[in-house]
Amino acid sequence: MKKIYGATERQDGLYKIGRNKWELIYGFGKDSEEAETGYNYRERYSRKPTPDEVKAVLISQINEHTDEKIISGFVWKGINVWLSTENQINFKAAYDLAVQTNGLILPIKFKLGETDGNPVYYTFADVDTFTEFYVAAVNHVTTCINEGWQEKDNIDLTLFQGE
């Protein structure tokens, strides 16, 4: 689905927009709280999609949005932390080793993300600070996953039957 800007509200539905054109519209979001308008996700079809096709597209979009939130939505101590799968694995391995060795591997420095194209590094000097960070990261991932599951569970397919 494509993110189309200019929306002022959620417009979930499957709409016939031409003789052989259908448009699936789903969700509503804003890039910032201050934004006056936001976006919907949209997908165009040259025929009316089946309910199973609609559901598959919606599930895929929710999964993609959930992944985006996990990767780029975590802020810790004012730092936007990039939680790619690779970084999650690296943080876990280092955290586990720090706990198992009572901090013998510390201090350890990580690039947490970037601000205005400049890398942002953080050095974990003690297990308590590393624990605070790691628990917050795991909570962020868990929250995003649970929100994604809830959104999928709450899809009302009756909105997407079309005219």
Side-chain angles (χ1 to χ4, degrees), residues 1-93 95 110-122 131-163:
M1 296 186 85
K2 293 181 182 173
K3 190 185 282 187
I4 305 296
Y5 285 88
T8 57
E9 63 185 9
R10 195 171 187 121
Q11 303 171 53
D12 293 352
L14 179 63
Y15 302 96
K16 187 170 185 173
I17 59 170
R19 194 166 137 203
N20 292 315
K21 289 185 184 175
W22 292 81
E23 188 163 64
L24 174 65
I25 302 175
Y26 181 74
F28 176 75
K30 292 182 177 184
D31 289 336
S32 71
E33 291 295 320
E34 302 81 37
E36 291 184 28
T37 61
Y39 58 85
N40 301 121
Y41 292 104
R42 296 175 182 232
E43 183 80 20
R44 284 216 174 147
Y45 297 89
S46 58
R47 59 170 175 71
K48 185 176 181 181
T50 67
D52 286 341
E53 289 172 319
V54 169
K55 185 174 182 178
V57 167
L58 296 177
I59 296 292
S60 177
Q61 183 57 52
I62 292 167
N63 288 341
E64 184 178 313
H65 184 69
T66 299
D67 289 345
E68 286 175 21
K69 287 188 334 186
I70 288 170
I71 292 170
S72 62
F74 178 51
V75 178
W76 181 73
K77 292 192 175 195
I79 302 169
N80 291 321
V81 180
W82 188 253
L83 280 182
S84 64
T85 302
E86 181 180 2
N87 283 353
Q88 291 178 53
I89 291 167
N90 290 340
F91 295 146
K92 176 167 179 24
Y95 175 72
F110 280 105
K111 177 183 173 189
L112 297 185
E114 293 184 0
T115 300
D116 300 324
N118 298 313
V120 176
Y121 298 101
Y122 190 91
T131 299
E132 175 191 329
F133 168 80
Y134 188 70
V135 168
V138 169
N139 285 339
H140 168 74
V141 172
T142 302
T143 298
C144 291
I145 290 170
N146 285 328
E147 288 172 355
W149 287 339
Q150 183 177 2
E151 188 172 354
K152 287 188 248 184
D153 290 345
N154 291 327
I155 293 174
D156 181 357
L157 289 175
T158 63
L159 298 173
F160 303 97
Q161 294 176 359
E163 294 98 46

*Once the angle between the rings of Tyr95 and Tyr134 is folded into 0 to 90°, is it parallel (under 30°), tilted (30 to 60°) or perpendicular (over 60°)?*
parallel
_Show me the pairs that pass salt bridge (Lys or Arg N to Asp or Glu O under 4.0 Å) and involve residues 54-79, at least two apart or across chains._
Lys69-Glu147
_Suppose we screen for side chain to side chain donor-acceptor pair (under 3.5 Å). Which residues come up paired with His140, at least two apart in sequence or across chains?_
none
*With sequence neighbours left out, write down each residue that passes salt bridge (Lys or Arg N to Asp or Glu O under 4.0 Å) with Arg19, or none if nothing qualifies.*
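Residues passing salt bridge (Lys or Arg N to Asp or Glu O under 4.0 Å) with Arg19: none at all.
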*Return the set of residues passing salt bridge (Lys or Arg N to Asp or Glu O under 4.0 Å) with Glu23 (not counting sequence neighbours), or none when no residue passes.*
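By the salt bridge (Lys or Arg N to Asp or Glu O under 4.0 Å) rule, Glu23 matches Arg42, Arg44.
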*Quick one: do Val138 and Lys92 satisfy side-chain contact (heavy atoms from CB on, under 4.5 Å)? Show the steps, please.*
CA-CA 10 Å; Val138 169; Lys92 176 167 179 24; over 6 Å; no
Is there side-chain contact between [X] and [Y], with at least one heavy-atom pair below 4.5 Å?
X: Asp12; Y: Phe160; result: yes
X: Glu43; Y: Glu53; result: no
X: Val120; Y: Asn118; result: no
X: Asn63; Y: Lys152; result: yes
X: Ile4; Y: Tyr39; result: no

*Carefully, step by step, assess Leu112 and Phe91 under the rule side-chain contact (heavy atoms from CB on, under 4.5 Å).*
CA-CA 10 Å; Leu112 297 185; Phe91 295 146; 3.8 Å; yes
*Among all residues two or more places apart in sequence or in another chain, which pass the side chain to side chain contact (heavy atoms under 4.5 Å, CB included) test with Ala56?*
none
_I need the Asp153 CG to Ile62 CD1 distance, nearest 0.5 Å._
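Going from CG on Asp153 over to CD1 on Ile62, the span is 9.0 Å.
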_With side-chain contact (heavy atoms from CB on, under 4.5 Å) as the criterion, how do Leu58 and Leu24 come out once you've worked through the C-alpha distance, each side chain's angles and the decisive distance to 0.1 Å?_
CA-CA 9 Å; Leu58 296 177; Leu24 174 65; 4.2 Å; yes
_side-chain hydrogen bond (donor to acceptor under 3.5 Å, both in side chains) partner of Asn40, chosen from Lys3, Gln11, Glu9_ =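 Of all the options given, the one that passes is Gln11.
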_For Lys30, I'd like to know if atom NZ has over 12 heavy atoms of other residues, nucleotides or ligands within 6.0 Å._
yes
Residue pair [X] / [Y]: nearest heavy atoms and the distance that separates them:
X: Trp22; Y: Pro49; answer: CB-CD, 4.2 Å
X: Trp76; Y: Ala136; answer: CD1-CB, 4.1 Å
X: Gly148; Y: Thr66; answer: CA-OG1, 3.6 Å

Using a 3.5 Å cut-off and no angle test, enumerate the donor-acceptor pairs between side-chain atoms of residues 79-86 and protein atoms at least two apart in sequence or in another chain.
from  : atom 1 : to    : atom 2 : distance (Å)
Ser84 : OG     : Asn87 : N      : 3.1

*asked:* Can you confirm whether or not the ring centre of Tyr122 sits under 6.0 Å from the ring centre of Phe110?
replied: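 No, the ring centres sit 6.0 Å or more apart.
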